[in-house]
Engineer: 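Mind looking over this structure? Questions follow.
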Protein chains: 2
Amino acid sequence: MQKYRDKGLKLTPQRLAIFEYLDGNRSHPSAEDIYTEIIKKFPMMSFATVYNTIETLKKKGDLAEITIDPERRHYDPDTSHHHHLICKTCKKIKDIHSDFSIHIPEDQKGTFEVLDNHIEFYGMCHKCKTKGE
Amino acid sequence: MQKYRDKGLKLTPQRLAIFEYLDGNRSHPSAEDIYTEIIKKFPMMSFATVYNTIETLKKKGDLAEITIDPERRHYDPDTSHHHHLICKTCKKIKDIHSDFSIHIPEDQKGTFEVLDNHIEFYGMCHKCKTKGE
DNA sequence: GTTACTGCAAAGCTTTTGCATCCCT
DNA sequence: AGGGATGCAAAAGCTTTGCAGTAAC
């Protein structure tokens with residue numbers, strides 16, 4: 001937490017609770033997910049604080065916004081390069097930390113310079129698969 | 001267009017204009033992009049008609065919703081399996097019609113059954129690359 | 001004491017919905 | 001003629017913003 005203070009950020013109780021909730025969190029929460037969790041400890045907390053903190057963390061590079069749900073934004077405290085495996089039924093997301101070397105054929109690449117990639121895998125988690133049978 | 005009529009869809013002038021705009025369109029437009037274009041021909045047209053038509057085409061499987069922009073939804077009349085190469089600067093999107101066979105290692109897959117994937121490549125288009133230098 | 005953060009409320013955007021009217025078939 | 005589509009307006013849902021009060025430093 002010291003690293004945040006060093007950057008001139010104030011460590012308010014609400015923020016600390018959000019930091020703690022996000023630390024190691026692999027659930028790819030939305031702003032509302034964060035709000036719903038933190039409000040248990042701080043019933044007076046406002047949505048603006050959640051969004052403010054998200055913005056602060058994003059700017060610091062400690063939180064990634066992931067574009068996998070058209071309904072709302074989700075966030076990922078794991079900012080390392082990885083991919084996502086999404087259950088088509090329950091939308092649960094599993095991180096995939098493999099490195100795939102994917103090269104676009106020259107004739108497809110056009111004049112683009114390719115720098116990075118993110119793969120969304122779609123599938124069925126075990127729970128949904130067994131329920132559907 | 002006959003195929004739409006056969007399904008019980010009415011071919012109104014507004015719809016025909018939208019169909020025509022989307023046919024072969026590789027620009028991945030948003031609802032507003034569609035609206036802005038069609039309004040030129042039909043100044044009375046409402047946004048509801050755009051969204052209605054999008055919904056109709058989606059249900060028929062003739063339009064795909066693509067989740068690449070957290071700001072708004074974009075649509076793609078190319079419903080075949082393909083990937084996207086996105087310019088980080090100007091957000092222009094190029095379709096990539098290559099087939100990559102990507103297999104997640106067993107220890108990463110967990111109990112998921114993997115069915116499909118979509119790759120977002122990020123890079124710089126030629127125009128933005130030369131401007132930035 | 002400063003300065004940044006919080007909470008509240010209002011506003012901004014995108015998308016959805018209800019409904020009377022219209023028009024394609 | 002009948003039923004689906006249109007246009008309008010209102011509403012809903014997510015996110016942003018302005019601002020006065022508050023708390024961390």
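Labels below follow one simple rule: chain letters A, B, ... track the order of the sequence lines, proteins then strands, and each chain is numbered from 1.
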Engineer: Which of these nucleotides, dC14(D), dG7(C), dC8(D), is closest to any side-chain atom of Ala48(A)?
Structural biologist: dG7(C)

Engineer: Any salt bridge linking Arg73(A) with Glu71(B)? Criterion: basic side-chain nitrogen under 4.0 Å from a carboxylate oxygen.
Structural biologist: yes

Engineer: Among dT3(C), dT14(C), dG7(D), which nucleotide sits nearest the side chain of Arg72(B)?
Structural biologist: dT14(C)

Engineer: With respect to the side chain of Leu11(B), which nucleotide from dT25(C), dT15(C), dG7(D) is positioned closest?
Structural biologist: dT25(C)

Engineer: Taking the side chain of Thr12(B) as its heavy atoms from C-beta onward, which of dG7(D), dA24(D), dC24(C) lies nearest to it?
Structural biologist: dC24(C)

Engineer: Assuming nearest nucleotide by heavy-atom distance, tell me which of Asn52(B) and Glu71(B) is located more 5' along DNA chain C.
Structural biologist: Glu71(B)

Engineer: Quick one: is Gln14(A) getting a side-chain N or O under 4.0 Å of the dA23(D) phosphate, OP1 or OP2?
Structural biologist: no

Engineer: Phosphate oxygens OP1/OP2 of dT15(D): is one of them under 4.0 Å from a side-chain N or O of Tyr51(A)?
Structural biologist: yes

Engineer: Could you tell me whether the phosphate oxygens of dA5(D), OP1 or OP2, come under 4.0 Å of any side-chain nitrogen or oxygen in Arg15(B)?
Structural biologist: yes

Engineer: Considering only dT17(D), dC8(D), dT15(D), which nucleotide approaches the side chain of Arg73(A) most closely?
Structural biologist: dT15(D)

Engineer: Looking at dC8(D), I'd like to know if its phosphate oxygens (OP1 or OP2) sit under 4.0 Å from a side-chain N or O belonging to Ser46(B).
Structural biologist: no

Engineer: Using whole Å, what does the distance between atom P of nucleotide dT6(D) and atom NZ of Lys10(B) come to?
Structural biologist: 10 Å

Engineer: Are the charged groups of Lys91(B) and Asp69(B) less than 4.0 angstrom apart, N to O?
Structural biologist: no

